[in-house]
Amino acid sequence: MDKYGFYTGKIFDAYEYMGAHVRENGTEFSTFAPNAEKIAVIGEFNGWSETWMERENDRNFFKCFIEKAGKGMKYKYRIYKRDGGFIDHCDPYGFGMELRPHNASIIRDLSEYRFRDENWMKSRSDCRNGALNIYELHMGSWRKNESDENGWFSYSEIADDIIRYVKEYGYNYIEVMPLSEHPCDESWGYQNTGFFSPTSRYGTAAGLMEFVDKCHQNEIGVIMDFVPVHFAVDDYALANYDGTSLYEYPHTDVGDSEWGSKNFIHSRGEVQSFLQSAAHYWIKKYHFDGLRMDAISNIIYWQGNPARGVNQNAVEFVRRMNQNLKEMYPSIILCAEDSSSYQGVTRSVKEGGLGFDYKWDMGWMNDTLNYFKETPGKRKAAYHKLTFSMMYYYSERFLLPLSHDEVVHGKGTIVQKMNGEYETKFSQARALYMYMMAHPGKKLNFMGNELAHFREWDEKRELDWNLLEYPIHQQFHEFIKELNHIYLENPSFWNDYEESGFQWLDCHQEDKCIYVMKRNGKKQDLIAVFNFSEQDYEDYKLNLQQDCRLELLLDSGLRQFGGTADYDGEKLYKSVNGSITLKVPGLSAQYYTVC
């Protein structure tokens with residue numbers, strides 16, 4: 001490894017040198033701990049007694065080779081501080097870890113699995129000009145395994161069921177919440193101890209590789225949640241690793257995060273090399289198709305607070321990381337979860353941006369859900385909450401998220417947020433999702449939303465699949481399936497980032513709460529009509545400024561989806577003198593193709 005490159009934050013493959021690497025007759029161990037007095041490897045292979053590591057020439061790295069150490073064996077680094085005390089640490093670059101509450105690293109041979117996804121890897125894209133419909137997934141609570149004491153399926157065991165479900169219900173990408181090792185189930189993986197270790201909750205490194213491989217063989221992309229901002233405070237992991245603040249800030253005012261974790265010190269080249277090597281590791285070794293990076297506003301601003309100013313070193317770090325990852329893998333997706341108004345998040349690094357492909361549109365999400373919480377009568381005053389997004393939309397490449405964050409901590413689920421009584425919530429949720437799909441931007445929906453979940457998500461319980469025994473939930477489930485497939489099959493929905501792809505046909509019906517938008521495709525255009533009031537309008541006149549025919553593609557109010565509408569006859573509507581008259585029921589949405 002280029003040591004100078006490591007110190008200056010230029011290295012993207014530090015994991016090839018650091019950590020535990022299986023060789024022909026044993027395992028080679030290497031760790032970076034410049035302020036340690038001495039370090040020993042302890043593990044199953046030496047009866048947890050001390051095998052001393054040797055300092056390398058520059059005195060900052062420790063290394064040793066142990067003949068009896070083989071794959072699957074557990075180990076730790078016993079790091080002696082200069083005051084004479086020691087702490088046993090897991091390996092920062094370890095490729096596997098024990099299940100909590102235990103914390104030893106595990107030797108893994110990453111070469112034992114052989115991928116068979118060549119066709120996918122050759123043809124994948126960042127989906128900028130195509131469909132991107134993401135199913136956000138928490139691996140441990142989608143379904144529970146009754147034969148496992150923790151209720152978990154392994155990566156291998158659950159792969160086929162997830163793939164079958166995702167394909168049937170019209171998603172073409174999965175985004176998994178963080179799978180790097182973490183000690184607390186309730187952190188959902190956002191406070192890591194093993195940045196190179198797939199969590200042992202669901203199996204081994206080879207099992208995760210198999211999961212991704214199978215998804216690819218079924219034409220499903222897989223994005224992983226990655227956390228480059230902070231890490232868990234547990235003393236066996238990164239915190240005070242060599243007896244000093246090696247990975248974190250030494251001062252608590254910037255070192256302690258709002259989540260009770262430790263902030264990475266992004267100004268240090270060694271930390272930069274660590275994090276960007278971790279990002280590269282998941283893409284190269286596991287064939288992940290991209291990374292959703294968490295809490296980017298906390299990289300942009302000190303403690304995520306614009307009033308404290310831009311953290312320029314952290315910004316430069318993420319710019320260089322993104323630029324290099326995209327140069328190595330142009331077809332991957334880099335997505336920023338960023339709620340700030342910082343400009344240029346999705347602009348290329350060469351143009352002065354951060355180099356992400358997509359940014360979560362948190363403003364769209366908040367405005368939309370707040371609008372649907374209002375009573376229909378109050379929506380007149382809130383009418384332009386739903387038009388405001390297009391005022392700023394082309395400033396970034398946005399992705400529309402209805403994520404796990406919106407269905408926890410007392411916020412209520414998506415269907416719960418809809419105003420009104422039980423059945424009314426379903427009609428509004430159907431209209432909401434049609435609005436989401438027609439609005440420019442790629443899509444993300446958290447698991448359970450498609451079931452019209454009324455219980456907030458809990459990582460300890462599986463989804464309430466028994467809801468599908470109730471007709472109204474089953475009908476909603478089928479509606480989401482139909483809507484997703486319509487999205488995947490109609491390219492007019494995919495022209496998201498050219499202004500020619502979208503047009504308001506009517507966004508000044510404040511009294512009626514009617515909105516009409518047009519999505520323009522290369523071969524066919526689509527018109528979406530929304531009525532978010534309770535009033536039915538039998539003769540709504542839409543000015544198209546052209547003579548054409550509209551053919552109904554989807555109606556949220558169809559009886560098969562839980563509504564009352566039936567279409568036994570003609571679904572074609574002709575314009576007269578450039579305008580067309582439509583029936584627009586209350587709390588409904590319709591898609592029409594333009595003929």
Side-chain angles (χ1 to χ4, degrees), residues 1-21 27-43 50-66 75-95 103-105 192-197 228-252 254-256 261-281 313-314 316-317 320-321:
M1 183 179 70
D2 173 10
K3 299 285 182 63
Y4 179 76
F6 179 79
Y7 293 136
T8 56
K10 303 296 193 299
I11 296 298
F12 278 75
D13 61 352
Y15 57 84
E16 297 285 8
Y17 177 81
M18 308 284 281
H21 292 269
T27 297
E28 188 174 68
F29 298 88
S30 180
T31 193
F32 174 71
N35 296 295
E37 182 66 26
K38 56 184 178 178
I39 303 179
V41 180
I42 60 174
E50 297 175 337
T51 299
W52 295 104
M53 305 182 80
E54 296 182 1
R55 283 187 185 272
E56 294 198 46
N57 291 338
D58 69 355
R59 310 291 292 171
N60 294 332
F61 291 84
F62 291 77
K63 200 176 187 74
C64 72
F65 181 83
I66 301 178
Y75 71 100
K76 294 183 181 182
Y77 295 135
R78 178 160 290 171
I79 299 180
Y80 283 83
K81 298 179 290 184
R82 291 178 178 176
D83 64 5
F86 69 83
I87 294 179
D88 293 340
H89 283 269
C90 63
D91 187 344
Y93 287 84
F95 300 147
N103 52 57
S105 294
N192 292 172
T193 49
F195 278 77
F196 294 81
S197 300
V229 174
H230 61 125
F231 58 89
V233 299
D234 303 74
D235 62 2
Y236 63 80
L238 295 183
N240 294 305
Y241 181 68
D242 65 352
T244 67
S245 300
L246 184 61
Y247 289 93
E248 66 269 38
Y249 289 93
H251 306 294
T252 58
V254 292
D256 291 349
S261 53
K262 294 290 185 182
N263 287 324
F264 279 109
I265 181 168
H266 295 102
S267 58
R268 292 195 63 161
E270 304 94 322
V271 172
Q272 295 170 14
S273 291
F274 173 82
L275 285 170
Q276 62 203 21
S277 290
H280 183 211
Y281 167 81
N313 286 319
E316 288 303 314
F317 154 69
R320 288 195 302 270
M321 177 172 68

Practice task
For this output row, return yes or no: ring centroids of Phe274 and Phe196 closer than 6.0 angstrom.
Solution key: yes

Handout entry: Atom pair OG/CE of Ser30 and Met1 - distance to nearest 0.5 Å
Key = 7.0 Å

Exercise for the section: Answer with yes or no whether the side chains of Tyr241 and Thr31 bring together a donor and an acceptor at under 3.5 Å. Expected result: yes

Handout entry: Trace of the side chain to side chain donor-acceptor pair (under 3.5 Å) decision for Asn35 with Thr244
Key = CA-CA 7 Å; Asn35 296 295; Thr244 67; 3.1 Å; yes

Problem - Pairwise side-chain contact, Tyr15 with His280, heavy-atom cut-off 4.5 Å (strictly under) - result: yes

Fill in the blank from the handout: Closest non-hydrogen contact found for Ala20 with Asp91 is N-OD2, 3.7 Å

Practice task
Answer yes if the side chains of Gln276 and Arg320 hold a donor-acceptor pair under 3.5 Å, and no otherwise.
Solution key: no

Handout entry: Nearest-0.5 Å distance, CD1 of residue Ile79 to CD1 of residue Ile39
Key = 4.5 Å

Fill in the blank from the handout: Heavy-atom nearest pair, Ser273 first then Gly9, reads OG-CA, 3.4 Å

Problem - Within 6.0 Å of CG in Asp58, more than 12 heavy atoms from elsewhere - result: yes

Practice task
Please determine which of Phe12, Tyr17, Phe61 meets the ring-ring contact (aromatic ring centres under 6.0 Å, His included) test together with Phe6.
Solution key: Phe61

Practice task
Without swapping roles, check the side chain of Glu50 against the backbone of Ile42 for a donor-acceptor pair under 3.5 Å.
Solution key: no

Completion exercise
Across all chains, not counting sequence neighbours, the salt bridge (charged side-chain N to carboxylate O under 4.0 Å, His left out) partners of Asp88 are Arg78

Problem - Heavy atoms from other residues, nucleotides or ligands near CD of Glu54 exceed 12 (cutoff 6.0 Å) - result: no

Handout entry: Minimum side-chain heavy-atom gap Lys63-Glu28 below 4.5 Å
Key = yes

Practice task
For His89 and Ala237, work out which heavy atoms get closest and say how close.
Solution key: ND1-O, 2.8 Å

Problem - Donor-acceptor pair, side chain of Asp234 and main chain of Tyr236, under 3.5 angstrom - result: no

Problem - Nearest-0.5 Å distance, CG of residue Asn263 to OG1 of residue Thr252 - result: 11.0 Å

Handout entry: Taking every non-hydrogen atom, the tightest pair across Met53 and Cys64
Key = CG-SG, 3.9 Å

Practice task
Answer whether the closest heavy-atom distance between the side chains of Glu270 and Leu246 falls below 4.5 Å.
Solution key: no

Practice task
Could you check if a side-chain atom of Ile66 sits within less than 4.5 angstrom of a side-chain atom of Val41, using non-hydrogen atoms only?
Solution key: yes

Problem - Chi angles and distances behind the side chain to side chain contact (heavy atoms under 4.5 Å, CB included) call for Asn240, Asp235 - result: CA-CA 7 Å; Asn240 294 305; Asp235 62 2; over 6 Å; no

Handout entry: Mutual orientation of the aromatic rings belonging to Phe231 and Phe264 [parallel < 30°, tilted 30-60°, perpendicular > 60°]
Key = tilted

Problem - Student check: side-chain heavy atoms of Tyr247 and Ile265 closer than 4.5 Å - result: no

Practice task
Could you tell me whether the side chain of Thr51 reaches within less than 4.5 Å of the side chain of Phe29, counting heavy atoms only?
Solution key: no

Practice task
With rounding to the nearest 0.5 Å, note down the distance linking OG in Ser245 to CG in Leu238.
Solution key: 12.0 Å

Handout entry: Least distance between heavy atoms, Ala279 atom then Met321 atom
Key = CB-SD, 4.0 Å

Practice task
Would you indicate whether the side-chain heavy atoms of Phe86 and Glu37 approach each other to under 4.5 Å?
Solution key: no

Handout entry: Spacing of OG belonging to Ser267 relative to CD belonging to Glu316, to within rounding of 0.5 Å
Key = 12.5 Å

Practice task
Verify side chain to side chain contact (heavy atoms under 4.5 Å, CB included) between Asn313 and Arg268, making sure each step is shown before the conclusion.
Solution key: CA-CA 9 Å; Asn313 286 319; Arg268 292 195 63 161; over 6 Å; no

Fill in the blank from the handout: Value for OG1 (Thr27) from OH (Tyr75), rounded to nearest 0.5 Å, stands at 9.0 Å

Problem - Set of residues satisfying salt bridge (charged side-chain N to carboxylate O under 4.0 Å, His left out) with respect to Glu56, sequence neighbours excluded - result: Lys3

Handout entry: Closest contact, heavy atoms only, Tyr7 versus Asn60
Key = OH-ND2, 3.0 Å

Practice task
Take Tyr281 and Phe195, measure what ring-ring contact (aromatic ring centres under 6.0 Å, His included) needs, and give me the verdict at the end.
Solution key: CA-CA 10 Å; Tyr281 167 81; Phe195 278 77; over 10 Å; no

Completion exercise
Asp256 meets the salt bridge (charged side-chain N to carboxylate O under 4.0 Å, His left out) criterion, sequence neighbours left out, with Lys262

